[in-house]
Amino acid sequence: MIRLNHDLANKLGIDVARLGSPEGLAILSGNQLADGSEPLAMAYSGHQFGGFSPQLGDGRAILLGEVVRHDGVRHDIQLKGSGPTPYSRRGDGRSALGPVLREYIVSEAMAALGVPTTRALAAVASGDKVQRECLMPGGVFTRVAQSHIRIGTFQWFASRQDYDNVKVLADYAIQRHYPDAQHHENPYLGLLNGVIERQAKLIAHWMQFGFIHGVMNTDNMSISGETIDYGPCAFMDIYDPLKTFSSIDHQGRYAFANQSSIGQWNLTRFAETLLPLLDDDLKQSIAKAESALGTFSDIHQTELQKRYTAKIGIEAGDTADWSIVEALLVAMAEGNADFTLVFRHLSDTLESGNDSLVISLFDQPDAIIEWLTVWRARLHECDHSQVVSLMRRTNPVFIPRNHRIEEAIRSGNNGDFAPFHRLNDLLQHPFTAHAEFTEFEDAPLPNEVVHATFCGT
Ligand code: AMP
Ligand code: MG
């Protein structure tokens, strides 16, 4: 056992002591079945980097079963890396330890930041070695999700023209995730609207924190609206809208600022699977789907605007405020400024009246000096203590920086999990500065910068 998420186990009504016992460990490493568990691997298809793969599925994951949380919300419990399944193709069904630690750190950090996400229940070392570029220590990750239904799950049936089962799946997804859609005059349109709304807001929420998902294939987009699949994801250090990390994203398809349009592209693939359910007449179906998809941009942009104007201390900002945000982003991109530090230091600047710290984050100071004047003028009539408080609730001190994740993985691979635990502990309170952890606020030194991430397959 490397780490067990007590808080999450309690919320799910799982007995922590039992989970931490030898029996629990045997279950979490895939060596023993829990009573009543009927494990299954799910089939799905998906567009990967734009190309359609009809035959994917849980190749290194297995669903153990479901638990119902105190508030009635049902959750899947899934092992990742416990061995081959019918969908493993030529893979080994295993996971190296690195991706296990990475998913644990980042998914729990996202949860603490308030972003809808799958969660980490446990990370265990398998004791075996797995063959990747070289032999690496293996691990098993236990993931908790509101469900593992993906856009790709719908595509599995739709691409086989099996619309009876698209309907079964849609009815199931409505009942599990969008019960209000049952009362919609067209429940399947209600489902489509619901998924569009949650995804549009989710992607804006990622962007609030400089998060790059990295592999927004349709099989990695959850119908429940949770962030899923923490393969090559990363938080930006220096702000760059075209930033990618994934070692296989050569064209920048999943770059930071492209996430908005890719979200809509993925939802269009989802809408296609529902066409036969939306109306008996195909033309009508297409019109309904197009009109639903047309709402994506507005929902996403409104959410983005709300989140970004809050980052500069403006509640319920308008279009003029959005231009102030855009000017800051341009100055940050041109000045190679650290995304997280700029926003956090702006609230300090407002409090202290000393601009030098924030200015020092920029290569070229002119643009930010000019911007600070505009920003101060905008806030002239606001109550500064309220502004600072909004900014500090919106701009984290701590994000899981890539060089820290790499450090935790490196140590973990050598059997030392102290850096992994420390990172997880401090990321549980991302908005609160902590004297003991100031070095975790810092951007990487030039020799610490991580340039590429890998999906770990
Ligand atoms: P991902 O890049 O994690 O979204 O995975 C893409 C596909 O490859 C999914 O169908 C996975 O189940 C499958 N896959 C990834 N790693 C392995 C592995 N080690 N063994 C078998 N299948 C895998
Ligand atoms: Mg995946």
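First listed ligand is number 1; within each ligand, the first listed atom is number 1. In what follows, residues are counted from 1 in the order of the sequence shown. We use all heavy atoms of the structure for the numbers below, so side chains are in, but hydrogens, waters and symmetry mates are not.
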State plainly whether the residues [X] and [Y] are in salt-bridge range, i.e. N to O under 4.0 Å.
{"X": "R132", "Y": "D92", "result": "yes"}
{"X": "R176", "Y": "D76", "result": "yes"}
{"X": "R344", "Y": "E441", "result": "no"}

Please state whether [X] comes within less than 4.0 angstrom of ligand 1, counting heavy atoms only.
{"X": "G231", "answer": "no"}
{"X": "R132", "answer": "yes"}
{"X": "Y87", "answer": "no"}

So which of R269, Q55, R160, R150 actually passes side chain to side chain contact (heavy atoms under 4.5 Å, CB included) with S45? R160
Taking the inter-plane angle between the rings of H47 and F52 on a 0 to 90° scale, is it parallel (under 30°), tilted (30 to 60°) or perpendicular (over 60°)? tilted
Should the ring pair F437 and H434 be called parallel, tilted or perpendicular, given that the plane angle runs from 0 to 90° and is split at 30 and 60? tilted
Can you find an N/O atom of L56 closer than 3.5 Å to an N/O atom of ligand 1? no
Below 3.5 Å, N or O to N or O, backbone or side chain included: is there any such pair between R60 and ligand 1? yes
Dump the intermediate steps for side chain to side chain donor-acceptor pair (under 3.5 Å) on H148 and R143, then the final yes or no. CA-CA 10 Å; H148 284 84; R143 176 160 73 186; 3.2 Å; yes
Contact partition for [X] relative to ligand 1, non-hydrogen atoms under 4.0 Å:
{"X": "R89", "value": "side chain"}
{"X": "N220", "value": "side chain"}
{"X": "D92", "value": "both"}

Atoms in ligand 1 with a heavy atom of [X] nearer than 4.0 Å:
{"X": "R94", "value": "19 (N)"}
{"X": "G91", "value": "20 (N), 21 (C)"}
{"X": "S88", "value": "21 (C), 22 (N)"}

Given E108 and N5, is the side chain to side chain donor-acceptor pair (under 3.5 Å) satisfied, shown in steps? CA-CA 9 Å; E108 285 306 297; N5 191 337; 3.0 Å; yes
Mind checking what makes ring-ring contact (aromatic ring centres under 6.0 Å, His included) contact with F49, not counting sequence neighbours? Y254
Do the side chains of D338 and R401 get nearer than 4.5 Å, heavy atoms only? yes
Look at atom 12 (O) of ligand 1 and find which of G83, G152, G59 reaches it with the closest heavy atom. G59
Verify the distance criterion only: is there a donor paired with an acceptor across the side chains of T117 and Y230 at less than 3.5 Å? yes
Please confirm whether F270 and F154 have ring centers closer than 6.0 angstrom. yes
I need the protein N, O or S atoms closer than 2.8 Å to the Mg ion (ligand 2), given as residue plus atom name. N220 OD1, D229 OD2
